[in-house]
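The structure appears right after this line, and notes come after that.
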Amino acid sequence: MAYVYRIEFDIEREQMTELEIGGSLERVLGYLRTLLPSEKGFVEARAMRTVETEPRIHVVFESTWQRWDDLVAHRESSLAEDKVLTEFEPHVALKDLSSRIYEEVD
């Protein structure tokens, strides 16, 4: 059974350049995708953003874990997405940062 750890937040449209190649937020998300595979039980990760023309851009980062214990250990580590992104916040205001955990349904 797999578990998905999902972090969501909004950024202002003016901060869109932060998500473009070489932008600071894009580098942080890339950093997570590069380092998470070293964590025990890691399966995959992906980052997404909305493409509508709303005033704010909604960003989602998901990581998938093999077992519940693997996810718990990850959330307690320094690589937990919410910890890494919160440290980034002085550079870009992350609006309404939230996290949820999902269990895969067979």
Side-chain angles (χ1 to χ4, degrees):
M1 182 105 23
Y3 297 90
V4 176
Y5 186 44
R6 183 177 184 149
I7 302 294
E8 300 180 55
F9 58 92
D10 292 331
I11 62 172
E12 298 299 328
R13 187 147 297 278
E14 306 83 65
Q15 298 170 320
M16 175 65 176
T17 57
E18 294 296 328
L19 282 170
E20 294 173 353
I21 294 175
S24 298
L25 184 53
E26 189 270 342
R27 285 196 307 267
V28 170
L29 296 174
Y31 166 81
L32 285 169
R33 283 190 297 243
T34 301
L35 292 180
L36 288 180
S38 66
E39 298 267 284
K40 181 182 177 195
F42 173 81
V43 176
E44 69 178 345
R46 65 183 185 169
M48 302 166 279
R49 65 176 171 87
T50 55
V51 293
E52 296 94 24
T53 57
E54 298 172 1
R56 291 193 277 173
I57 297 169
H58 191 72
V59 180
V60 176
F61 189 90
E62 292 181 347
S63 58
T64 305
W65 303 87
Q66 290 177 354
R67 298 177 317 118
W68 176 252
D69 293 341
D70 299 331
L71 175 57
V72 169
H74 168 64
R75 288 190 68 205
E76 293 172 356
S77 80
S78 62
L79 289 179
E81 294 88 332
D82 53 347
K83 291 176 187 170
V84 172
L85 289 165
T86 301
E87 289 178 14
F88 179 76
E89 191 165 18
H91 305 288
V92 173
L94 308 176
K95 307 265 189 209
D96 307 319
L97 180 70
S98 66
S99 64
R100 287 201 167 117
I101 297 173
Y102 298 90
E103 181 178 35
E104 186 176 56
V105 178
D106 289 333

Atom pair [atom1]/[atom2] of [X] and [Y] - distance to nearest 0.5 Å:
{"X": "E81", "Y": "Y5", "atom1": "CD", "atom2": "OH", "value": "6.0 Å"}
{"X": "E18", "Y": "E12", "atom1": "CD", "atom2": "CD", "value": "12.5 Å"}
{"X": "E14", "Y": "R56", "atom1": "CD", "atom2": "CZ", "value": "11.0 Å"}

Check: [Y] and [X] side chains under 4.5 Å, non-hydrogen atoms:
{"X": "K83", "Y": "L85", "value": "no"}
{"X": "L71", "Y": "V4", "value": "no"}
{"X": "R13", "Y": "P55", "value": "no"}
{"X": "F61", "Y": "R33", "value": "yes"}

Looking at every heavy atom in both L79 and Y31, which two are closest together, and how far apart are they? CD2-OH, 3.9 Å

A47 and L29: which non-hydrogen atoms are nearest, and at how many Å? CB-CD1, 4.1 Å

Hydrophobic cluster membership, [X] vs [Y], 4.5 Å side-chain cutoff:
{"X": "V51", "Y": "I57", "result": "no"}
{"X": "V84", "Y": "V72", "result": "yes"}
{"X": "M16", "Y": "V59", "result": "yes"}
{"X": "W68", "Y": "W65", "result": "yes"}

Per-pair distances, 0.1 Å, donor-acceptor, side chain in residues 96-106, under 3.5 Å, sequence neighbours excluded:
residue : atom : partner : partner atom : Å
E103    : OE2  : Y3      : OH           : 3.2

Extract all donor-acceptor atom pairs below 3.5 Å that involve side chains of residues 34-42 and protein atoms in other chains or at least two apart in sequence.
residue : atom : partner : partner atom : Å
T34     : OG1  : G30     : O            : 2.8
S38     : OG   : L35     : O            : 2.7
E39     : OE1  : H74     : ND1          : 3.1
E39     : OE1  : S77     : OG           : 3.3

List in chain and number order the residues that pass side-chain hydrogen bond (donor to acceptor under 3.5 Å, both in side chains) with E8, two or more places apart in sequence or in another chain; answer none if no residue qualifies.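 E8 satisfies side-chain hydrogen bond (donor to acceptor under 3.5 Å, both in side chains) with R6, H58 once adjacent residues are dropped.
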
Between R27 and L25, is a side-chain contact (heavy atoms from CB on, under 4.5 Å) present by the stated rule, with each step listed? CA-CA 5 Å; R27 285 196 307 267; L25 184 53; over 6 Å; no

